[in-house]
Q: 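Sending over a structure as structure tokens; questions will come in a sec.
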Amino acid sequence: MDVKRRTFLHALGLTAAGTLLPGCDKEIRRLVPYILPDDEIVPGVADWYASTCGECDAGCGIIVKVMEGRAKKIEGNPLHPVNQGKLCAQGQAALQRLYNPDRLQGPLRRTGAQAEHRFTPVSWDEGLPELADRIRHTKGPVIMISRPLSGTLADVVSHFIESVKGSLYFYDPSPELPLRAAVRQAFGIRDLPAYDMAEADYVLSFGAPFLEQWLSPVSFGIAFGRMRQGRKNRRGHFVHIEPRLSLTAASADRWLPIRPGMEGLLALGIGHLLLSDHRSSLPAGRLPAYESLYGGVSLDDVAKHTDISQADIKGLAKSFAEADCPLAIGGGTACAHTNAFESHLAILGLNSIVGNINRPGGIRRYQSAGLATHPKVPWLSERRIKELAQALEETDQRPLLLLYDCNPLFSAPPTVPIQRLFDHASYIASFSGSLDESTVTADLILPDHHRLETWGDHVIGEASPHRAASLVQPVVVPLFDTRGLGDTMIDLTRRLDGSHSGPDSFPQLIKDRWQRFHTSHSSRAHEPFQSVWEDLLQQGGLWESTVTEQRLHLSSSAANYQPPQFDGEAVDFPLYFYPYPAPSLGQGRGANLPWLQELPDTMTSAVWGSWIEINPATAQAMGIQQGELVRIHSRHGSVDAPAVHYPGLRPDVIAMPIGQGHTDYGRYAARRGANPMTILAPLFDKKSGALAIGATMVRAEPLHVPGHLILLEKPGTTAGGGSDLISIERPRSSNART
Amino acid sequence: MNNKPAGWEEMPAINRDLLAPLAPGGRGYVLLLTLLAAVVSAGAGAWVYQIETGIGQTNLHPPIFWSAYIASFVYWIGVSHSGTFISGVLRLTKAEWRRPITRVAELMTIISVVIATLFVFYHLGRSWRWYYLIPYPNQREIWPDFRSPLMWDATAVFTYATASTIYLYLPLIPDFALVRDRIGGWRKPLYSLLSLGWRGSQREWAALNTAIRIITPLIVMVMISVHSIVGWDFGMSLVPGWHTSIIAPYFVVGAVHSGLGMVVIGLYLVRRIYRLDTYIRLEHFDKLGKLMLVMTLTLAYLYFADQLTVWYGAIPDHLSVMHAVMSGPYAVPQWTMITLIYVLPLITLTLPAFRAWPAGMLMVGLCINVGMYIERMLILTPPLAHPRLTYNWSDYFPSWVELTIMAGSLSLAVLLYALAIKFVPIISIWEEKEGRLHEQESAPRRTGRTISA
Amino acid sequence: MEDKQGPPGEPRPHRWQMVIDLDRCTGCEACVVACHAENNIRLSGPREAAEGRAINWIRIERYWEGEYPDVKARFMPVLCQHCADAPCEPVCPVYASYHTPEGLNAQVYNRCIGVRYCGNNCPYTARQFNWFDPQWDPPLEQQLNPDVTVRQNGIMEKCTFCVQRIRQGKEQAEREGRPVRDGDITPACVQSCPTTALVFGDGNDPNSRVAIMAKSGRGFHLLESLGTHPAITYLKRLDE
Ligand SMILES: Nc1nc2c(c(=O)[nH]1)N[C@H]1C(S)=C(S)[C@@H](COP(=O)(O)OP(=O)(O)OC[C@H]3O[C@@H](n4cnc5c(=O)[nH]c(N)nc54)[C@H](O)[C@@H]3O)O[C@H]1N2
Ligand code: SF4
Ligand code: SF4
Ligand code: SF4
Ligand code: SF4
Ligand code: SF4
């Protein structure tokens, strides 16, 4: 295996990847397998390899420190435009996914009933023909559910699915589908535009958790730092509107606790004021459309329903209009309701009204050429799950299900009949690398390599003003008997059509594509490709020459604002339920990484578990102690978690982080905490079909037993909360405003 | 002069009474030893377990890095002050009534210093590296840091242990000789060795008296310095609630307070078990009671002075500790402690009739010691639990390993004491005799006695 | 601030310092994981975490201010302040906590016997203790950084300002026959911090970013009144 691997690397001539440490000499080191010590491995001397982070879809550039054949540390690639050398907690924890003790070590076949979770190892030479055979003989449709893919892998996978006449869906628990739908309607584009936050000087965020796990967290972090203190004498102002004082809200100058679901209404109110005060810079021809959208609300109603005073609304409108570079963004809670699409249109429209489209500090659009063949793969919204399950059941077709690196059985609520879709399948195969709740139902598992063991590329830059075509290269020898998904797909394609045409291997395919790309796009087209290739690998990808700014054009803003719908009568279920992705665990994907389990939630300092957040006044009225186990009931079930008194929360809201409550997914994740998704109602954003995760009403019942709440604040106690700043901030001078 | 000195006829009885405890113990004694040994083994087992698995077997955690073990160390060093104070100070002031009680106290000193030292070892995270604390010559020229109060402490405790061993030993020599002359079997050579060939010549007595005269003031000074330094372990730090100038005298007085309490307990038991009513008389309880009263008042005064400054100064960091103790999570132990070491002694010891009631005195002694143990825990824990960055506030209660080790150590102390009683005369025989002689001499002439030799 | 460490007159080429801009810190905790990965910080696990023993060399303290709805949360990244007059140093009986000529508060693991006095006397609760031997479920241990010691049971530890990275930076500069440049050396937390809330550098170089930023009018030291003279300057958060 190792010998093969080595020859393979040499055959491809993929020897590049130099060190990127500042000041280190650019001598090119070879990628050498650990088991075969090479003369050029210097014990104790680190090699750094550039690649791309795969922990979320932002695709930050990384450099990986490798010593004696083992990856030791991941840092941001300083040359990469998206993250500029920085990296988030999840990106760094990717190492623990690589070395995870519960990683699948090779192909597995299920033995016994599905519920038994018993598997036996099989070889690739058994597993691959079995799957090919199953696909060849399936009577039902082939359905593949995958995490969002990009670049060459996306092409290979969709090509394979096309060749078997199946359907491929991208599934992501928080893809911000209502926002995408609104962007599509407002600007007529499929992907998300870039928010130029670094240059903004007034950011009005409607629930967008851009300092948490939202779209491109590191690039937003960088932009936020610049917006605050990166410019001389110009500090951007930031107002955040959300029912809960989230991690993002904590960095705001002002937090406005809005009533859930009313983000759009507030935007309408602000837009109304902007238009009626003639602060609009819209061309006259466009004005009527906007007036019909924003004109229909009265300030009284807005104030009444949003719970934000008229004075505050006027203040927001005034500051927004008077700022040089105002920027309104929506996401997170603004995506969490049945009226999310309309809300986003209203929020996006604010930017159009003040004319900050295609301007520094506003909403812009960049596009990468060449490699950016983003296949038009549909998203698997929760409503689509429901429709799919119903259609299959009605026609009594039993699908063959393929899964890749996503976990819908964990992250979609049971009221969305995802389980039925799985139950109905005639055969399930998974390419995921660990036994999560979805993969554990599979009949056959052909595990993918870890990102750091494989080849790939990634076209990135949604929401970030920086676009790049980024490369993924193996930096360590695969630890286990796994195979890259690209190679598995090529192998399956070949088995199914019986030919020997097509690419030899996935790495070869990538190299070929990059060669074509290079000849058409690079200023170095005349140079021999091999040396360019080595430089590309060393740098981590290609950016400068591929990006062009494109103008956004306003298309339609027609929408009928609808109030949000909620599930549950106020008498029985008086509280809004507000599940939010835990900043560290990112919808549960990080729950199997001990570093992330142990990373304190910044707001509560909680680790290794779940909790519910409750306003201290509400808690006192209900007699709920900090740390006490509380049962949250909705019409669809109940969930238990210890209570945390959370001062930054509306008194009529119960908040709970998403990410825990796994039943499988390895020793660190399984049987820890609770999953709030299990009690959600099947309500959807009308336009995009995304689950309205904020639309469930609940009741809280104290159980009068202590819960398992572990806080790092007040270590060793569950007291948390009331820490006082005993005047520890004592600036030297009082005129501190610089 | 062929006249026998007055009181001469009492001497055989004294010998008999005071040597009696050295006789082999009965069933009760053996049972007691077995019981104590069992608890000691439990403690030893817990310690081994703690070394084997990690100091995490305690309930310590940041920011509370010290607690039960160090509190116990302070407490036992305090108890050790009984010996030096009773015998040293009283000897220095030539208080005649001290005679029957010095040995009881001095034995306590040695044993409690040993126990206290053990607590340092329990406490070390890497006790197997304890010798880093010793300034031994080494190639790398790495030395301990004598700027650390812990080094002063190690030095002081070592000095104190050495000095009090000598201090206990010197007056034992004539008694050892006495035992040597009256005992047979395997113990005879041992006592011969220990009595250094004492024959009771004039020169020997003169030398002994000189030695005692020299070491007595020294040991008192060492005693005061030792507990001052133990106080400075805390006082020298920045920890709010520890960092106070009054802490050294406060610790010394507190130590004497618990030490006196412990002496009363010891006296009561020795008197009761060996029927030494004629030696340990009500007068002794009365005098000790008065001393304890003085200590109660002094300690209360120091405590008040300290707390008043904190309260009036109202520095938030310091005040938060005070609030936690007075009305916060530590209020119950705090007010229990105040009752046990201030209120109860004050109420009872002011009554002369109470002071003449040995069982009552025993109870006060117990109260003071329980109270002082709590007090040591309260000095240690709440200040550490309330660091300046309030995000890190915490609390603490000892784990079963800590409690077992503490119980084992207490049992070890009692065990050692019980064994020592069988080995050294528990009342200094020659001093008692000397006292009787002084008494006889001075009794008729009330107008004053010649102090010159 | 006078730096009293080291013999007078002896040249001190570097004095490592950090600036933490509270107006930038978003509490994202990228720094926390970076520090764990770089410095082989143990996995404490739920049990030790519940006992209050989870080890973090850098933590983001969150302080609530005010009451709903006018409530604010403030973040305060706290790590060892590398005090020029470090209260943790003189109290250590065995010199395990000591000051390097370059202004670092160094912890000599081999020498530490676990008296924990230093932990009590650090006013910032920066010091962390190994109550048990660390454990990694295989193959997680393959990630361990060979440049950093794994600390055993009974030893105190804390932020080192990533001394191994400082040393590498200096050695690199020496190999290339040039002085260390500003920005050459970044501790792991600084390296990762997305918002650049953390800046590290040589306080003896008046043109370094850290030296310039430390002079900001927003600057203050944590618990400044204690006179510990920290090497970390915080810049106050600005908001209404
Ligand atoms: N290239 C090469 N490698 C070798 C060898 C070789 O000949 N060549 N020989 C091998 C052999 S035989 C051996 S024994 C090992 C030796 O290898 P090492 O044990 O690494 O020995 P040194 O490099 O001599 O010293 C280690 C470090 O200890 C520091 N030091 C010196 N005194 C003290 C002190 O008092 N306290 C502390 N904490 N540190 C101190 C030194 O400054 C140095 O940085 O190397 C082996 N490796
Ligand atoms: S933002 Fe996403 S891609 Fe970037 S480092 Fe974090 S997890 Fe990786
Ligand atoms: S912050 Fe604490 S550990 Fe660090 S140097 Fe200062 S006193 Fe020592
Ligand atoms: S714990 Fe270690 S560093 Fe701290 S005082 Fe003790 S020996 Fe010194
Ligand atoms: S400077 Fe290094 S050791 Fe200190 S907190 Fe940052 S990463 Fe950790
Ligand atoms: S990485 Fe930077 S912004 Fe994030 S918590 Fe740490 S210091 Fe704050």
Q: I'd like to check the side-chain contact (heavy atoms from CB on, under 4.5 Å) partners of C:Ala37; sequence neighbours left out, ordered by chain and number.
A: A:Lys73, A:Trp595, C:Gln143
Q: Side chains of C:Phe129 and B:Leu60: closer than 4.5 Å at any heavy-atom pair?
A: no
Q: Looking only at heavy atoms and a cut-off of under 4.5 Å, which of C:Cys92, C:Cys118, C:Pro87, C:Cys122 has the most pairs with chain B?
A: C:Cys92
Q: Apply side-chain hydrogen bond (donor to acceptor under 3.5 Å, both in side chains) to C:Trp16 and list each qualifying residue two or more places apart in sequence or on a separate chain.
A: C:Glu102
Q: Is there a side-chain contact between C:Val94 and B:Leu133 (heavy atoms, below 4.5 Å)?
A: yes
Q: Output all donor-acceptor pairs under 3.5 Å across chain C and chain B; consider backbone as well as side chains.
A:
unit_1, atom_1, unit_2, atom_2, d
C:Glu51, O, B:His61, ND1, 3.3
C:Arg53, NE, B:Leu60, O, 2.7
C:Arg53, NH1, B:Gly56, O, 2.8
C:Arg53, NH2, B:Gly56, O, 3.1
C:Arg53, NH2, B:Thr58, O, 2.4
C:Arg53, NH2, B:Leu60, O, 2.7
C:Arg59, NE, B:Asn392, OD1, 3.4
C:Glu61, OE2, B:Asn392, ND2, 2.9
C:Tyr63, OH, B:Tyr391, N, 3.4
C:Pro90, O, B:Ser148, N, 3.2
C:Val91, O, B:Ser148, OG, 2.5
C:Pro93, O, B:Asp145, N, 2.7
C:Tyr109, O, B:Arg126, NH2, 3.4
C:Asn110, O, B:Arg126, NH2, 2.7
C:Cys112, O, B:Arg126, NE, 2.8
C:Cys112, O, B:Arg126, NH2, 2.8
C:Ile113, O, B:Gly125, N, 3.2
C:Ile113, O, B:Arg126, N, 2.8
C:Gly114, O, B:Gly125, N, 2.9
C:Val115, O, B:Trp66, NE1, 2.8
C:Val115, O, B:His123, NE2, 2.8
C:Arg116, NE, B:Phe65, O, 2.9
C:Arg116, NH1, B:His123, O, 3.1
C:Arg116, NH2, B:His123, O, 3.2
C:Arg116, NH2, B:His123, ND1, 3.0
C:Tyr117, OH, B:Asp233, O, 2.1
C:Asn121, OD1, B:Leu238, N, 2.6
C:Trp131, O, B:Ile55, N, 3.3
C:Trp131, O, B:Gly56, N, 2.9

Q: Relative to chain C, which segment of B:Leu238 carries a heavy atom at a distance below 4.5 Å: side chain, backbone, both, or neither?
A: both
Q: How about CZ on B:Phe158, more than 12 heavy atoms from neighbouring residues, nucleotides or ligands closer than 6.0 Å, or not?
A: no
Q: Applying side-chain contact (heavy atoms from CB on, under 4.5 Å), name anything that partners B:Ala156, two or more places apart in sequence or on another chain.
A: B:Val226, B:Ile229
Q: Which heavy atom of C:Gly52 sits nearest a heavy atom of B:Pro62, and at what distance?
A: O-CD, 3.4 Å
